[in-house]
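For reference, the structure is listed below as structure tokens.
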Amino acid sequence: MTDSRLKAPLGQHLTEHADRAALARVRRRLFEARVRPLPAHVWRWAAGVALVVVLLGGAWSWARRLQPGELLTHAGRPFVRLDGGERGARLELADGSWLSAQRGAVVHAVASSGREFSVLLEQGTLEVRVVPNGPRKWCVESKWARIEVVGTRFVLERTERGLGVRVTEGVVVVRSTRLAEGVQRVNAGESLFVGEDGADVRGPTALPAAPSSPPPSSPAPATQSNPTSTPADSPSGPKATSSSAAPPASAAQLLDQADSARAQGNVADASRMLRRLIDEFPTSEQVPWARYRLGVALAERGEVSEARVLFAALVAARPPNSLWQDALLRQLELEIRLGDEERARDIAAEYRARFPSGRHLERIASLTAPRTSAPPPASQP
């Protein structure tokens, strides 16, 4: 092969020595293979995969939309801090739960998501009401212990020597390294105190008081009506006893003592404290809650007419939504108990109009459903 042939283009050699018919057949086959459509089973497989991807994406988006998000306040804002200040403060949350910080209490937000709502009690006394059957687990952190709840009502008091827990509704779980087994269940009507010296579980009672100069056993004689504790049998003896047992000056403390008395089954004392709160603190934020509790206590004692008036006044005052719903339900129950079914239907209509997604809709529907038997008597002994 000469140098001139090596320098010639490759296409020239192919043209001179190749079979033109064979080259044409190769070109035709290549073109037919390039434009040949895919088989039908391949298209079906690809369409099935695309449909599955679309369905999975839609299901994921729908699940994300249904999952609850951050728990906001009733005003639609994220919870950051609750300061009791000089008069106490109350915060309503969007799900109907609430936090009530007494004077001097400070609460900070820790976490808020669709599964958990966590706060830190920095100091003071905090009352918590968690709506039952909610999607979130509630946690209250403190130096001494961690409190976990799902749906209940309880009071926490943090002092320099420990943390007191008092449960009025439901059950809470307390976790602390100072507990014998690291965890303690506290039922309604029970209290627990966790401090430097360990923990103390008690039955229905108030939280331990702050430390004072006398020993813990010394105040006991002062709270009893003992004539020997006074110089003589004179009017000064009973007066001293009544002054030592006088209700506290704070509306929040009166409400707490009323709850404690009712948890012990002493409805008469609870009613007396609630009446005093309503009379002496007419402008307090605790008055609507006192009216509701007093109405419940009176209804339980059979004083239906007075309870009816209290609930009607409470509804007319337009309380917070969670309390408003409860008051309308109680008012409806009393009207049915008194035999006024027409008034009960009006209250049910008012509830549905104001709270179309209210948590008492099923209960109200069952109460106002047509009855085949005669209504219950107006009052029960």
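Keep in mind that this is a model prediction, so the values were computed, not measured. Computed over heavy atoms, backbone and side chain alike; hydrogens, waters and symmetry mates excluded. By convention here, the first residue in the shown sequence is residue 1.
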Q. How far apart are the C-alpha atoms of Arg161 and Phe193, what are their side-chain angles, what is the distance that settles it, and do they pass the side chain to side chain contact (heavy atoms under 4.5 Å, CB included) test?
A. CA-CA 10 Å; Arg161 63 190 184 99; Phe193 184 77; 3.9 Å; yes
**Q.** Trace of the salt bridge (Lys or Arg N to Asp or Glu O under 4.0 Å) decision for Arg275 with Glu306
**A.** CA-CA 12 Å; Arg275 292 182 191 276; Glu306 187 175 357; 2.8 Å; yes
Q.
What verdict does the side chain to side chain contact (heavy atoms under 4.5 Å, CB included) test give for Val155 and Leu126, after you've listed the backbone C-alpha separation in whole Å, the side-chain angles of each residue and the deciding distance to 0.1 Å?
A. CA-CA 6 Å; Val155 179; Leu126 172 69; over 6 Å; no
(Q) One pair to check against side chain to side chain contact (heavy atoms under 4.5 Å, CB included): Glu70 and Ser113. What are the steps and the verdict? (A) CA-CA 4 Å; Glu70 179 182 5; Ser113 66; over 6 Å; no
Q) Could you go step by step and tell me if Leu332 and Thr368 meet the side chain to side chain contact (heavy atoms under 4.5 Å, CB included) rule? A) CA-CA 9 Å; Leu332 184 145; Thr368 56; 4.0 Å; yes
Q: Determine, stepwise, if the pair Asp95 / Arg359 fulfils salt bridge (Lys or Arg N to Asp or Glu O under 4.0 Å).
A: CA-CA 10 Å; Asp95 67 344; Arg359 61 181 184 276; over 6 Å; no
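The closest side-chain heavy-atom distance from Glu190 to Asn187 is below 4.5 Å. Proximity of Val173 to Gln184: side-chain heavy atoms (C-beta onward) are nowhere separated by under 4.5 Å. A 4.5 Å side-chain heavy-atom check between Phe79 and Leu72 finds every atom pair outside the cut-off. Looking at heavy atoms from C-beta onward, Arg301 lies in side-chain contact with Ser271 at the 4.5 angstrom threshold. For the pair Leu367/Leu329, a side-chain contact is recorded, criterion being any heavy-atom separation below 4.5 Å from C-beta on. The side-chain heavy atoms of Val296 and Arg330, taken from C-beta on, include a pair separated by under 4.5 Å. A heavy-atom distance below 4.5 Å is found between the side chains of Trp98 and Glu127. When side chains are defined from C-beta on, Val119 does not count as touching His108, because their heavy atoms never get closer than 4.5 Å.
Interatomic distance, Asn266 CG to Ser260 OG, rounded to the nearest 0.5 Å: 9.5 Å. Considering CD of Gln325 and CZ of Arg363, their distance stands at 15.0 Å, rounded to 0.5 Å. Between the CZ atom of Arg262 and the CG atom of Leu274 there is a distance of 9.0 Å, given to the nearest 0.5 Å. Note that CZ of Arg185 is 13.5 Å distant from CG of Leu192, once rounded to the nearest 0.5 Å. Residue Leu71 holds its CG atom at 5.0 Å from CZ of Phe117, rounded to the nearest 0.5 Å. In this structure, the separation between CG on Asp279 and CZ on Arg276 is 9.0 Å, given to the nearest 0.5 Å.
Val267 and Leu294 sit in two unconnected hydrophobic clusters of ILVMFWY residues. Membership requires side-chain heavy atoms under 4.5 Å apart, directly or through other members. Both Phe355 and Ile364 are members of a single hydrophobic cluster when ILVMFWY side chains are connected at heavy-atom separations under 4.5 Å. One hydrophobic cluster, built from ILVMFWY side chains closer than 4.5 Å, holds both Leu91 and Phe154. The hydrophobic cluster containing Val172 also contains Leu179, counting ILVMFWY residues as joined when their side-chain heavy atoms lie under 4.5 angstrom apart, directly or transitively. Both Leu338 and Leu298 belong to a common hydrophobic cluster when Ile, Leu, Val, Met, Phe, Trp and Tyr are linked at side-chain heavy-atom distances under 4.5 angstrom.
Between Ser118 and Glu141, the closest heavy-atom pair is OG-CG, 3.9 Å. Between Leu120 and Val110 the shortest heavy-atom distance is N-CG2, 3.6 Å. Between Val171 and Val149 the shortest heavy-atom distance is O-CG1, 4.3 Å. Nearest heavy atom pair, residue Arg291 against residue Ala313, reads NH1-O, 4.3 Å. Nearest heavy-atom pair across Ala89 and Leu82 is CB-CD1, 3.8 Å. Contact between Ser97 and Val130 at its shortest, heavy atoms only, is OG-CA, 3.5 Å.
Applying the side-chain hydrogen bond (donor to acceptor under 3.5 Å, both in side chains) test to every pair with at least one member in residues 308-318, sequence neighbours left out, gives these pairs: Arg308-Glu335.
Ring geometry, Tyr292 versus Phe311: the interplanar angle exceeds 60°, so the pair is classed perpendicular (tilted spans 30 to 60°). The aromatic rings of Tyr351 and His360 are tilted relative to each other, their planes meeting at an angle between 30° and 60°.
Not counting sequence neighbours, the partners of Arg103 by the salt bridge (Lys or Arg N to Asp or Glu O under 4.0 Å) test are Glu86. Under the ring-ring contact (aromatic ring centres under 6.0 Å, His included) criterion, Trp144 pairs with no residue at all, not counting sequence neighbours.
A salt bridge does not link Glu300 to Arg337: none of the charged nitrogens lies less than 4.0 Å from a carboxylate oxygen. A salt bridge links Arg90 and Glu92; the closest N-O separation between the charged side-chain nitrogens and carboxylate oxygens is under 4.0 Å. Contact check on Arg158 versus Glu122 returns no salt bridge, with no Lys/Arg side-chain nitrogen under 4.0 Å from an Asp/Glu carboxylate oxygen.
For the side-chain contact (heavy atoms from CB on, under 4.5 Å) with Glu157, the qualifying choice from Leu163, Thr125, Asp256 is Thr125, the only one to do so.
With no hydrogens or angles considered, no side-chain donor-acceptor pair links Gln264 and Asp269 at under 3.5 Å.
The closest donor-acceptor contact from the side chain of Glu341 to the backbone of Ile336 lies at 3.5 Å or more, if one exists at all.
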